[in-house]
2 protein chains.
Amino acid sequence: MAEDRRTRRTRRALREALVALVLERGFGALTVEDIAERADVARATFYSHFQGKDDLFARVTSDLLADLDERMRPAVTESTVGFTGRPLLELLRHARDERDLYRIVLQGEGDGRPLRMFIDSCARVTAMEFRVRAERNGVTPRIDPDLLARVWVGEQVAVLQWWVAHETPPMPAEEVVRMLLDLALRGRYWASGFDVPG
Amino acid sequence: MAEDRRTRRTRRALREALVALVLERGFGALTVEDIAERADVARATFYSHFQGKDDLFARVTSDLLADLDERMRPAVTESTVGFTGRPLLELLRHARDERDLYRIVLQGEGDGRPLRMFIDSCARVTAMEFRVRAERNGVTPRIDPDLLARVWVGEQVAVLQWWVAHETPPMPAEEVVRMLLDLALRGRYWASGFDVPG
DNA sequence: ACAGCTACTGAACAGACTGTCCGAAAACAT
DNA sequence: ATGTTTTCGGACAGTCTGTTCAGTAGCTGT
């Protein structure tokens with residue numbers, strides 16, 4: 001048999017209440033009672049599903065990461081040939097679909113733990129991507145791939161923060177990818193408006 | 001007359017206790033009693049100096065930002081001519097001198113508020129730097145300077161996080177600057193080991 | 001549609017933390 | 001030495017936590 005409809009409803013309501021309240025007041029300012037009340041659920045019921053607000057938040061965010069991981073997998077393996085930007089595009093689409101949650105995570109709610117996990121996950125995948133591509137093309141990186149991956153992910157996070165902060169996307173995902181790819185390949189000198197020297 | 005020696009000692013002890021405890025357990029897990037006990041100060045005394053742990057944390061971090069701002073000012077005005085990396089170098093030195101606090105802030109403790117303030121501050125300065133330089137050299141940016149500044153700061157934050165996470169600096173500040181400058185000017189294509197086309 | 005589970009409710013509980021108050025004691029500046 | 005200022009330690013009500021439990025409502029499978 002599938003999951004009981006009541007538990008589904010309750011868990012869903014609690015998750016949505018958490019997201020809404022974190023956006024309104026910030027995670028640190030919330031109490032379990034706040035969340036339960038917003039979800040229209042008894043406090044005792046909350047504790048029969050989660051150990052506390054940290055637990056609820058951890059589950060919500062780790063589910064998000066798992067979902068992202070699943071969506072990224074095909075894009076990554078397909079992208080080890082060249083700098084296609086496919087993984088980044090998939091990331092942006094995911095962020096568009098789960099905007100509120102991304103806002104929360106990218107803001108560093110929960111003492112930054114979810115954001116660190118997000119960054120670590122992205123950096124791990126990216127570093128692997130770099131290594132595979134370098135090997136395939138027979139080149140040796142001039143900068144440690146792990147560090148380079150963190151820098152690249154740092155850029156992406158910065159753009160994501162800017163992107164999801166707006167109520168309506170300030171530019172389509174495809175354009176963001178093109179821009180970031182231009183920047184990554186041609187460098188900031190070019191982006192600043194200077195002609196690239198020979 | 002200067003500040004009473006007792007208040008100086010007490011405030012200092014409380015600040016140091018906070019930093020140490022946040023590194024050990026994370027901000028969210030701390031109580032006022034924890035901090036007061038570590039500082040060897042009565043709980044009532046804590047409240048005669050700060051409104052609560054959020055207030056203490058806010059003061060510590062905003063003092064850090066003010067200090068950074070002061071140290072950066074000369075480096076920035078001197079750097080609007082070309083991509084010297086002076087501001088970045090100053091930032092790295094500040095991070096070296098205040099490593100523990102930087103760890104805390106860059107980790108996103110306090111629901112990410114201090115980190116957001118840090119990033120906003122850096123991005124504001126950087127965007128201004130970009131604009132001034134573009135005007136001086138008579139070029140028009142190919143990417144919105146505000147967004148470009150956020151990306152550039154995002155890279156710096158990523159590197160800072162990597163840099164301060166180590167117990168002893170994994171490479172000297174000057175080398176980090178050179179690396180990031182190379183990356184920013186020549187692009188990731190070059191950094192990955194490929195020869196730059198054209 | 002009914003029987004038998006299972007989950008939710010609302011209330012109560014001890015324990016921890018908060019924020020404030022106070023008189024007594026200690027440290028300070030002069 | 002004196003008057004001022006800070007710290008101390010204890011006490012206080014109020015909030016939040018995490019758990020328990022009997023009663024009620026809702027669900028699933030047949």
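Throughout, a chain's letter reflects where its sequence line sits, starting with A, and its residues are numbered from 1. Just so you know, these numbers use all the heavy atoms, side chains as well, and skip hydrogens, waters and symmetry mates. Not measured: the values here are computed from a predicted model.
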J.: How close or far is atom P of D/dT17 from atom NZ of A/Lys53, stated in whole angstroms?
T.: 7 Å

J.: A/Thr45 near the nucleic acid: base, sugar-phosphate alone, or nothing, with a heavy-atom cut-off under 4.0 Å?
T.: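 Base, at least one base atom sits under 4.0 Å.
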
J.: Find the distance A/Arg12:CZ to C/dC8:C1' and express it as a whole number of Å.
T.: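 Checked: the CZ to C1' distance equals 19 Å.
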
J.: For the CD atom on B/Glu135, are there more than 12 heavy atoms of other groups (residues, nucleotides or ligands in this structure) within a distance under 6.0 Å?
T.: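 No, the 6.0 Å shell around CD holds no more than 12 heavy atoms from other groups.
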
J.: Map B/Arg11 and B/Arg43 onto DNA chain D by nearest heavy atom, then report which one ends up closer to the 5' terminus.
T.: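 With B/Arg11 and B/Arg43 compared, the 5'-side residue is B/Arg11.
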
J.: For A/Arg25 and A/Leu30, indicate whether the former's side chain and the latter's backbone hold a donor-acceptor pair under 3.5 Å.
T.: no

J.: Between A/Arg6 (CZ) and C/dG4 (C1'), how many Å, whole number?
T.: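 For the pair A/Arg6 CZ and C/dG4 C1', the rounded distance is 12 Å.
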
J.: Over how many whole Å does the gap from A/Ile35 atom CD1 to D/dC16 atom P extend?
T.: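 So the two atoms are 12 Å apart, to the nearest Å.
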
J.: Please state whether the phosphate of C/dC8, meaning OP1 or OP2, lies under 4.0 angstrom from any side-chain nitrogen or oxygen of A/Thr10.
T.: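 A/Thr10 to C/dC8 OP1/OP2: side-chain N or O found under 4.0 Å.
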
J.: So, the side chain of A/Glu109 versus the backbone of A/Phe27: is there a donor-acceptor pair under 3.5 Å, distance only?
T.: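 Confirmed, A/Glu109 side chain pairs with A/Phe27 backbone.
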
J.: Starting from P on D/dG9, measure out to CD on B/Glu37 and report it in whole angstrom.
T.: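 My rounded result for the distance is 12 Å.
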
J.: Atom CZ of A/Phe46 to atom P of D/dT19: distance rounded to whole Å?
T.: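 Rounded to the whole Å, the gap is 12 Å.
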
J.: Report yes if some heavy atom in the side chain of B/Leu68 is under 4.5 Å from a heavy atom in the side chain of B/Tyr102; otherwise report no.
T.: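 The answer is yes, as the side chains (C-beta and beyond) meet within the 4.5 Å cut-off.
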
J.: Please work out if A/Arg5 contacts a base, only the sugar-phosphate, or nothing of the nucleic acid, heavy-atom cut-off 4.0 Å.
T.: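 Counting heavy atoms under 4.0 Å across all strands, the contact made by A/Arg5 is with sugar-phosphate only.
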
J.: The side chain of B/Ala44 lies closest to which of these nucleotides: D/dG9, D/dT7, D/dC16?
T.: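 That would be D/dG9.
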
J.: Would you kindly give the CG-to-C1' distance between A/Asp55 and D/dT17, to the nearest whole Å?
T.: 14 Å

J.: Looking at A/Gly28, is its backbone amide N or carbonyl O close enough to the side chain of B/Asp111 to form a donor-acceptor pair, meaning the two atoms are under 3.5 Å apart?
T.: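 Checking the backbone N and O of A/Gly28 against the side chain of B/Asp111, a donor-acceptor pair under 3.5 Å is found.
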
J.: Can you tell me if A/Tyr47 touches the phosphate of D/dT19, counting only side-chain N or O atoms and a distance under 4.0 Å to OP1 or OP2?
T.: no

J.: Of the nucleotides C/dG10, D/dA25, D/dG9, which has the atom closest to the A/Ala42 side chain?
T.: C/dG10

J.: Give a yes/no on whether any side-chain N or O of B/His49 is located under 4.0 angstrom from OP1 or OP2 of D/dT6.
T.: no

J.: Both B/Arg9 and B/Gln51 contact DNA chain C. Which one's nearest nucleotide lies toward the 5' end?
T.: B/Gln51

J.: Rounded to whole Å, how long is the line connecting atom CD of B/Glu33 with atom C1' of D/dC16?
T.: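 Distance, rounded to whole Å: 16 Å.
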
J.: Hey, is the side chain of A/Thr31 poking within less than 4.0 Å of OP1 or OP2 on D/dT15, counting only N and O atoms?
T.: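 False: A/Thr31 side-chain N/O out of range (4.0 Å or more) of D/dT15 OP1/OP2.
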
J.: Out of C/dC28, D/dC8, C/dG10, which has the shortest distance to the side chain of B/Asp4?
T.: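 Of the candidates, C/dC28 comes closest.
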
